[in-house]
There are 2 protein chains.
Amino acid sequence: MRIRVAIVDDDAELGANLRSLIDGAGDQVCVGTYPDSDSACKVLLRDPPDVVLMDINLGRHSGIDCVARLKAVVPQVQVIMVTVYEDTERIFKALSAGATGYLVKREVGPELLEAVRQVMQGQSPMSGHIARKVVEHFQKPRLAGNSPEDLTPAEARVLDQLAQGYMYKEIAANNGITLDTVRTHIRSIYQKLQVHTRAEALLKYLGQS
Amino acid sequence: MRIRVAIVDDDAELGANLRSLIDGAGDQVCVGTYPDSDSACKVLLRDPPDVVLMDINLGRHSGIDCVARLKAVVPQVQVIMVTVYEDTERIFKALSAGATGYLVKREVGPELLEAVRQVMQGQSPMSGHIARKVVEHFQKPRLAGNSPEDLTPAEARVLDQLAQGYMYKEIAANNGITLDTVRTHIRSIYQKLQVHTRAEALLKYLGQS
DNA sequence: CCGTAAATCGCATGTAGATGCGAGTTGGAT
DNA sequence: ATCCAACTCGCATCTACATGCGATTTACGG
């Protein structure tokens, strides 16, 4: 069974190119190309393909909205963004909306066929620099933050669990220490973090203020 | 100039294999292998390589701690985790600590050499399933979500201030309402958010913006 | 006009969290 | 040997938070 692929791109020429590329692969077949979000949704919601290749820049509605609409109804469809945009904003919005792959257009070619196979296998094909931006998203908080890490190992462990919503008694049980010891650690943490409540500690530890 | 690569892995045999793999590539050279975090940091902090291949499972200190120590002093070093662990927890911790690549051990081979080149070019090589987990992190909120916004305006206002660390009495004063009214709103919020403590509410509210 | 949703307020009770004070143990550095 | 930092535990007290139950007012749509 060939992988059923749909294409949403307002550039007719590029859409046609993608189509022949897909159909050229033995294991994939293009089941439709659509120039805008509305026409795409109308058909794809009824007869969902396995994979959708989505351009971001569609006329009225952006491709990101289209992703959201599709995933809301048929969450099993795999969406790969195929676009020229590399700005952080669009990348995150697309991923949040439900896309699982993100390729920049200048890299389309055989890699695209491979990317289609990969999303079907539970992977997330991304162009190299896109992946880096995604990874950096996890690092910013830590790096941008001041350095509240004169916390001792035990304190850090407690804070981490505190930040996951555990109650004092749960933290005590998790670590085989008493409730009073948890209190002691938290006392030190609050002092070092310059806070007086759990909520403030969470804010400092998670985001930063 | 060949890319200088260091290896940190407590499995001597695997370390040696990696070394010969690296040295076998024409454009890379292994400048050292270390079995634990301490010995690695001692040398690498003075004479930083371009790239570090890091195992997570080192004896006493985890490789994640080692990453944090290295990046804190020499942030320009590129770290690629090379490990058997694929659980979400470890992946995020490693990336947060400053790793920019994450490969699972069963996929090491020529891909590793390519990964080294990629991190030097500002990319983030990741094994396919790892990338997917990272991407899902952006989607979880929407998928796992109950509806965050059937909150009434008043409730939303209260929640927002709650999430900024204000005490009940401060929220009451800020909005010209009584403490009991604040309690009432928060009661509704908790019900709608399916939580029972302030900490959980904060996590839900902040975690899915 | 009536029902409903939203917003407001009150009271009571129980649990979780914050903090002051004290103190014993241990591994490592001087 | 000594000291210190980190970790541990206990108790008491006060404040903040969570929740059950009830109640009034206002605004909007049927």
Side-chain angles (χ1 to χ4, degrees), chain A residues 147-206 209, chain B residues 36-39 41-42 45 58-62 64-65 68-69 72 146-207:
Chain A
S147 51
E149 301 309 331
D150 9 299
L151 294 184
T152 68
E155 288 165 357
R157 249 180 299 123
V158 170
L159 176 57
D160 188 61
Q161 291 171 72
L162 199 65
Q164 288 177 47
Y166 289 106
M167 290 184 300
Y168 286 15
K169 64 164 79 167
E170 292 178 311
I171 297 175
N174 290 346
N175 300 17
I177 57 181
T178 69
L179 185 60
D180 277 309
T181 299
V182 175
R183 287 205 181 98
T184 301
H185 286 316
I186 290 179
R187 216 175 315 200
S188 308
I189 293 170
Y190 283 3
Q191 215 170 335
K192 292 178 180 174
L193 255 49
Q194 293 278 290
V195 299
H196 312 279
T197 71
R198 178 173 181 157
E200 290 178 300
L202 258 62
L203 291 176
K204 281 230 175 185
Y205 184 69
L206 299 175
S209 51
Chain B
D36 61 75
S37 178
D38 290 327
S39 61
C41 286
K42 190 183 297 185
L45 288 175
L58 307 175
R60 351 181 320 105
H61 301 301
S62 98
I64 294 174
D65 294 331
R69 290 171 65 188
N146 27 17
S147 36
E149 302 307 331
D150 4 293
L151 294 184
T152 69
E155 288 165 357
R157 247 181 301 122
V158 170
L159 176 56
D160 188 61
Q161 291 171 73
L162 199 65
Q164 288 177 49
Y166 289 106
M167 290 184 300
Y168 286 15
K169 63 165 81 167
E170 291 177 310
I171 297 175
N174 291 345
N175 300 44
I177 58 181
T178 69
L179 186 59
D180 276 310
T181 299
V182 175
R183 286 204 182 99
T184 301
H185 286 317
I186 290 179
R187 214 174 317 193
S188 308
I189 293 170
Y190 283 3
Q191 217 170 332
K192 292 178 179 174
L193 254 49
Q194 294 279 288
V195 299
H196 310 280
T197 70
R198 178 173 181 157
E200 289 178 302
L202 287 207
L203 292 177
K204 281 230 175 185
Y205 183 68
L206 297 176

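What you are looking at is a predicted structure, and each value in this text was computed from that prediction instead of being measured. Per chain, numbering begins at 1; letters A, B, ... match sequence-line order.
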When every nucleotide of nucleotides 25-30 of chain D is labelled 5' to 3' by its protein contacts under 4.0 Å (heavy atoms), B for base, S for sugar-phosphate only, - for none, what sequence of letters results? ------
Reading DNA chain C from 5' onward, which residue's closest nucleotide shows up sooner: Pro153(B) or Ala199(A)? Pro153(B)
Just jot down the side-chain hydrogen bond (donor to acceptor under 3.5 Å, both in side chains) partners of Thr184(B), sequence neighbours excluded, or say none. none
Residue set satisfying side-chain contact (heavy atoms from CB on, under 4.5 Å) with Ala68(B), at least two apart, ordered chain then number -> Ala97(B)
In whole Å, I'd like the distance from the CG atom of Leu159(A) to the P atom of dG17(C). 14 Å
Scan for salt bridge (charged side-chain N to carboxylate O under 4.0 Å, His left out) pairs involving residues 174-191 of chain A, sequence neighbours excluded, and state none if there are none. Asp180(A)-Arg183(A)
With sequence neighbours excluded, residues passing side-chain hydrogen bond (donor to acceptor under 3.5 Å, both in side chains) with Ser188(B): none
Could you check which residues of residues 177-189 of chain A get a heavy atom under 4.0 Å from DNA chain C? Sort them by number, please. Arg183(A), Arg187(A)
Write down the distance between CG (Asn175(A)) and P (dC7(D)), rounded to a whole number of angstrom. 12 Å
Dump the pairs, protein N or O against N or O of nucleotides 14-16 of chain C, anything under 3.5 Å, distances to one decimal.
residue, atom, partner, partner atom, Å
dA16(C), OP1, Lys169(A), NZ, 3.4

Is there side-chain contact between Leu193(A) and Glu155(A), with heavy atoms separated by less than 4.5 Å? no
Just wondering, do Ile171(B) and His185(B) contact through their side chains at under 4.5 Å, heavy atoms? no
Could you tell me which non-hydrogen atom of Gly165(B) sits nearest to which non-hydrogen atom of Ala199(A), and how far apart they are? CA-CB, 4.1 Å
side-chain hydrogen bond (donor to acceptor under 3.5 Å, both in side chains) against Glu170(B), all qualifying residues, sequence neighbours excluded: none
Value in whole Å for how far the P atom of dT8(D) lies from CD1 of Ile171(A): 13 Å
Heavy atoms only: give me the nearest Tyr166(B)-Arg198(B) pair and the separation to one decimal. O-NH2, 2.7 Å
Going by the rule side-chain hydrogen bond (donor to acceptor under 3.5 Å, both in side chains), which residues pair with Thr197(A) if we only count those two or more places apart in sequence or in a different chain? Glu200(A)
Spacing of Gln194(B) atom CD relative to dT19(D) atom P, expressed in whole Å: 12 Å
Taking every heavy atom of Ala163(A) against every heavy atom of Leu202(A), the minimum-distance pair comes out as CA-CD1, 3.9 Å
